[in-house]
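One structure is given here, and the rest of the page talks about it.
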There are 2 protein chains.
Amino acid sequence: MEKKIPKNTVKRLSVYLRCLNKLQEDGIENVSSSEFGELIGINPAQIRKDLSYFGEFVRQGLGDNIEKLKNGIKKIIGLNETQNIILIGVGNLGKAILNYNVITKRGFSIIAAFDKDPEMIGKIINNVGVFDIKKIDQFIAGKNIKCAILTLPPDQIRKTIEKLYQLGIKGFLNFAPISLNLSKDIQIVNVDLSSSLEVLMFYLRNNSE
Amino acid sequence: MEKKIPKNTVKRLSVYLRCLNKLQEDGIENVSSSEFGELIGINPAQIRKDLSYFGEFVRQGLGDNIEKLKNGIKKIIGLNETQNIILIGVGNLGKAILNYNVITKRGFSIIAAFDKDPEMIGKIINNVGVFDIKKIDQFIAGKNIKCAILTLPPDQIRKTIEKLYQLGIKGFLNFAPISLNLSKDIQIVNVDLSSSLEVLMFYLRNNSE
DNA sequence: TAGATTGTTAATCGATTAACAATC
DNA sequence: TAGATTGTTAATCGATTAACAATC
């Protein structure tokens, strides 16, 4: 990647993709950046700028085909092909995510879940098998798995990341409320419910914004 | 609020709070901004600047007492007193959140859950009762509830927000992957798993950052 | 007091937006 | 062609960081 992509641009790409899908479902085939911007509440210049970072592939511009644009964004993100992921920790949250079909619709495939609880091992949840965490090495071997969803207790996160990293997995979606200082080589995205609630609370009290 | 608080400052306040709690658990009573910054990987000047927006209350500065600082941040966020919240939609994700005790530890109290499923109504999950969504009006009346967690299917989100807004609830934590253009008066924080996964995927492919 | 650490100003850096020539 | 819409440059706006006098 030649130029540095702003962090917010990446987040917006995801928003664009979702909205383009929606538009396509509604049978719309083209949008201009101004129409699109209007729709999602983002400045049209922002949209054009965001896309220009990857400008090679949509030379015709937004005004043209939604399908083309969608595929372009998918390619940027790496979702032009289905991504295999695994889930570690089949507690309440783990189960909820296994049952959350939106992830699948978006081009991800959870191909296995792992837990240490004998009660859970062997079960099948929404077509995903639960395996013994001890056997994860042999399961992963040879499969193309780039990232893992971690729905484990906080105290097991670090250990698990280190283990999976050795097995070649470098991307993590983490739900535990902890700060980790990890190798630059590891990509981690944190989802923190209490933190989100706190941010919400703040804006509720100071809602001049 | 005199000056405008940067969005990122608010997010960081939440991080600060979590880390201060951690430090306190470890028996530490004071930190300097440089130590603290080192610990959480944030520039000390950034921390001082963030806190200076609310400068009135920690005149002594970070170098002083963690307890004092913690209470200061709690007060800014509005967590100096327990915040009552409700949860709408007791599906898999709803259940997971009800069972997620971290929220409680952080100063929130989920005082009730609501669903329309007769099978669910009347059940108690982790000490939270599940009530008939139709009776929500009378339940809420007179109680001090400022925000709601929405774990409903996407197509029911808008309707539910409008309803709750009329009942005086203006803050929402939303898990459905939709973009809503709502009244400025409403505060909404979105948690979108697929979007988080997409951001993760992007950085995995372009991990020069 | 002397040293450490702050709060805040000024400088830097990055992200957003307006404007417009180039393109379809 | 004329009108619309782009991609990109330049201007603006905001957020981060370095530096330092003021404070404990």
Side-chain angles (χ1 to χ4, degrees), chain A residues 1-16 20 23 28-70 72-73 76 199 202-203 206 208-209, chain B residues 1-16 20 23 28-70 72-73 76 199 202-203 206 208-209:
Chain A
M1 211 102 298
E2 326 77 7
K3 288 171 195 171
K4 198 145 185 295
I5 313 300
K7 233 179 158 182
N8 288 347
T9 293
V10 179
K11 281 192 201 165
R12 280 191 298 262
L13 284 181
S14 178
V15 174
Y16 299 160
L20 291 171
L23 285 174
I28 297 165
E29 283 181 14
N30 304 287
V31 250
S32 69
S33 64
S34 11
E35 288 172 313
F36 196 51
E38 178 78 16
L39 208 65
I40 57 179
I42 293 179
N43 185 304
Q46 178 84 81
I47 298 174
R48 296 201 298 273
K49 181 95 202 201
D50 282 343
L51 293 173
S52 78
Y53 289 111
F54 317 96
E56 323 82 30
F57 73 97
V58 222
R59 214 66 203 151
Q60 309 301 76
L62 258 182
D64 258 10
N65 198 277
I66 287 186
E67 177 69 18
K68 219 156 131 191
L69 185 54
K70 228 183 69 177
I73 295 178
I76 295 168
V199 169
F202 177 86
Y203 284 117
N206 308 276
S208 46
E209 200 235 21
Chain B
M1 212 98 302
E2 327 77 8
K3 287 172 196 173
K4 197 145 188 292
I5 314 298
K7 232 177 159 184
N8 288 347
T9 293
V10 178
K11 282 191 199 165
R12 280 191 297 265
L13 283 180
S14 177
V15 174
Y16 298 160
L20 290 171
L23 284 174
I28 298 166
E29 282 181 12
N30 303 287
V31 251
S32 69
S33 63
S34 12
E35 288 172 311
F36 196 49
E38 177 78 18
L39 210 64
I40 56 178
I42 293 179
N43 185 304
Q46 177 85 82
I47 297 173
R48 297 201 299 274
K49 180 94 201 205
D50 282 343
L51 293 172
S52 78
Y53 289 112
F54 318 97
E56 323 82 30
F57 72 98
V58 221
R59 214 67 201 150
Q60 308 302 76
L62 258 182
D64 256 9
N65 199 276
I66 286 187
E67 177 71 18
K68 220 156 132 190
L69 184 52
K70 226 184 68 176
I73 295 179
I76 295 168
V199 170
F202 177 87
Y203 285 116
N206 308 277
S208 47
E209 201 236 20

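Heavy-atom basis, side chains included; hydrogens, waters and symmetry copies ignored. Letters A, B, ... are given to chains in the order of the sequence lines, protein chains preceding strands, and every chain is numbered from 1.
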More than 12 heavy atoms of other residues, nucleotides or ligands under 6.0 Å from NZ of K11(A): is that the case?
->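 Atom NZ in K11(A) is not crowded, with 12 or fewer foreign heavy atoms closer than 6.0 Å.
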Within a reach of under 6.0 Å around CD of E67(A), are more than 12 heavy atoms found that belong to other residues, nucleotides or ligands?
->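 Yes, the 6.0 Å shell around CD holds more than 12 heavy atoms from other groups.
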Could you tell me the separation between the [atom1] atom of [X] and the [atom2] atom of [Y], rounded to the nearest 0.5 Å?
X	Y	atom1	atom2	result
K7(B)	Y203(A)	NZ	OH	6.0 Å
Y16(B)	I73(B)	OH	CD1	8.0 Å
I28(A)	F36(A)	CD1	CZ	10.5 Å

DNA chain C: P6(A) or E35(B), which has the more 5' nearest nucleotide?
->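 In this pair, the answer is E35(B).
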Closest approach of S33(A) and P44(A), non-hydrogen atoms and distance?
->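 Scanning both residues completely, I find the closest heavy atoms to be O-CB, 3.7 Å.
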Between [options], which one does the side chain of [X] approach most closely?
X	options	result
N43(B)	dT6(C), dT17(D), dC20(C)	dT17(D)
R48(B)	dT6(D), dA15(D), dC20(D)	dC20(D)
S52(A)	dG7(D), dT17(C), dA18(D)	dG7(D)
Q46(A)	dT17(C), dT17(D), dT5(D)	dT17(C)

Distance below 4.0 Å between R12(B) side-chain N/O and dT16(D) OP1 or OP2 |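 It does, given that an N or O in the side chain of R12(B) lies less than 4.0 Å from OP1 or OP2 of dT16(D).
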Taking only the side-chain nitrogens and oxygens of S33(B), find out if one of them lies under 4.0 Å from OP1 or OP2 of dT5(C).
->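 The answer is no; no side-chain N or O of S33(B) sits under 4.0 Å from OP1 or OP2.
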Nucleotide [N], atom [atom2] - distance to [atom1] of [X] in whole Å:
X	N	atom1	atom2	result
K4(A)	dG14(C)	NZ	P	7 Å
F54(A)	dG7(D)	CZ	P	13 Å
I5(A)	dT16(C)	CD1	P	12 Å
N8(B)	dC13(C)	CG	P	19 Å
K7(A)	dG14(D)	NZ	C1'	17 Å
K11(B)	dA15(D)	NZ	P	12 Å
K49(B)	dT9(C)	NZ	C1'	8 Å
I47(B)	dT8(C)	CD1	P	16 Å

Please name all residues satisfying side-chain hydrogen bond (donor to acceptor under 3.5 Å, both in side chains) with E35(B), sequence neighbours left out, ordered by chain then number.
->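 For E35(B), the residues satisfying side-chain hydrogen bond (donor to acceptor under 3.5 Å, both in side chains) (neighbours in sequence not counted) are S32(B).
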How does DNA chain C look in dot-bracket notation if pairs are Watson-Crick or G-U with both distances under 3.5 Å, crossing ones as [ ], other-strand ones as |?
-> ..||||||||||||||||||||||
